[in-house]
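What follows is one structure encoded as structure tokens, with my remarks underneath.
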Amino acid sequence: MLRRAKVAVSFVLVAFLLMMGGAPDSNAASKLPDPVNAGFAEKLFRLNCGRSLANDESVWTPGENVGRSIEFSSTCWLIKHGNEWLLWDAGVPESAHNDPRGWSTLPKLIVYHLDRTVTDQLAEIGLKPGDIARVAISHTHGDHIGNVGLFSNAAILMQRAEYTWINSPNGPNDNVNELMALARKLLGTPKNLQLIDGDTDVYGDGSVTLVSTPGHTPGHQSLLVHLKNSGFIILSGDVVHSEENFEQNTVPSLNTSKSESIASMEKIRQMMATYKAKLFINHDRKQTDTLKLLPAFYD
Ligand SMILES: [Zn+2]
């Protein structure tokens with residue numbers, strides 16, 4: 001009797017949902033593209049957005065490599081979709097250009113250098129900062145938003161959770177608090193700030209998708225790009241810092257959530273399987289050195 005009653009209740013519920021035009025859909029929460037029918041972006045360029053030297057690798061590999069120095073790459077990506085340009089991450093601030101002392105987000109830990117400005121690299125392919133319609137940022141660490149101010153006419157796309165976080169009261173970790181203060185300063189008050197909630201299809205054709213991957217920061221995101229010849233490429237942001245960390249599920253000590261970081265790495269792994277996607281890891285110098293650099297591009 002009880003079972004029959006339950007079935008009846010389920011039937012009524014389903015009928016109600018159908019009536020409301022909202023049939024239950026297991027994919028309702030995901031805006032990730034259909035791997036078969038996704039549209040294409042035309043070109044993907046890598047910009048050299050800085051390099052950095054850190055004096056204690058163990059911050060990124062807790063318990064290992066204590067006191068060892070490490071060099072990271074900093075990467076920005078420029079995407080051409082139709083006649084529109086989107087910049088992914090804005091790199092180390094141009095004020096650091098050719099400054100031998102470098103620039104720092106956390107002076108005791110890491111120093112950044114910038115050998116070429118973003119403006120100069122855009123000019124190499126005939127573009128000015130004003131030609132960029134959208135700037136999407138993976139997260140608000142200074143080495144990813146250092147040049148947001150150059151793109152004052154662009155829409156700035158970031159996760160709402162990230163914006164809420166940097167405007168929230170300080171937490172227990174002084175380094176993290178320092179990074180939040182710097183983020184507020186570098187971000188400023190963009191004219192056209194677009195706050196995103198979760199996975200979001202930027203152009204509505206499945207070609208460029210913001211993918212929520214929290215853990216490094218509360219509103220961290222990665223980017224899934226679909227190209228005709230290269231297939232799907234995932235731009236990591238800082239969901240992971242190296243191929244080794246990705247293989248071993250290693251979570252840096254500066255990350256705001258270890259469990260979210262591990263879940264986000266797993267999400268990326270599943271996407272790599274679903275989309276047969278390559279993962280380009282922003283700060284992995286070894287990998288970055290093997291990738292095409294503007295004016296060369298992926299298509
Ligand atoms: Zn970061």
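In each ligand, atom 1 is the first atom listed, and ligand 1 is the first ligand listed. When a residue number appears, it is its place in the shown sequence, counting from 1.
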Practice prompt. Could you name all protein N, O or S atoms found under 2.8 Å from the Zn ion (ligand 1)?
Written response: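 Result, waters dropped: His139 NE2, His141 ND1, His216 NE2, Asp238 OD2.
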Item to complete: Go through the structure and list residues passing salt bridge (Lys or Arg N to Asp or Glu O under 4.0 Å) with Glu244, not counting sequence neighbours.
Response: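 Glu244 satisfies salt bridge (Lys or Arg N to Asp or Glu O under 4.0 Å) with Lys286 once adjacent residues are dropped.
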Item to complete: Decide side chain to side chain donor-acceptor pair (under 3.5 Å) for Asp205 and His81; before the verdict, give the C-alpha distance in whole Å, the side-chain angles of both, and the deciding distance to 0.1 Å.
Response: CA-CA 11 Å; Asp205 61 0; His81 180 278; 2.8 Å; yes
Worksheet item: Just one of Lys258, Glu266, Arg269 clears the side chain to side chain donor-acceptor pair (under 3.5 Å) bar with Asn249, so which one?
Response: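 Checked Lys258, Glu266, Arg269 against Asn249; only one passes side chain to side chain donor-acceptor pair (under 3.5 Å): Arg269.
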Worksheet item: When you check the side-chain N and O atoms of Asn255 and His220, is any donor under 3.5 Å from an acceptor?
Response: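 Distance-only check fails for Asn255 and His220.
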Item to complete: Mind checking ring-ring contact (aromatic ring centres under 6.0 Å, His included) for Trp165 and listing every partner two or more places apart, or none if nothing turns up?
Response: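 Testing Trp165 for ring-ring contact (aromatic ring centres under 6.0 Å, His included), a comparison that skips the adjacent residues, returns none.
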Worksheet item: For residues 132-141, which residue pairs qualify under side-chain hydrogen bond (donor to acceptor under 3.5 Å, both in side chains), counting only residues two or more places apart or in two chains?
Response: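 Every side-chain hydrogen bond (donor to acceptor under 3.5 Å, both in side chains) pair that includes a residue of residues 132-141, provided the two are not neighbours, is Glu84-Arg134, Asp89-Ser138, Ser138-His144, His139-His141, His139-His216, His139-Asp238, Thr140-Glu162, His141-His216.
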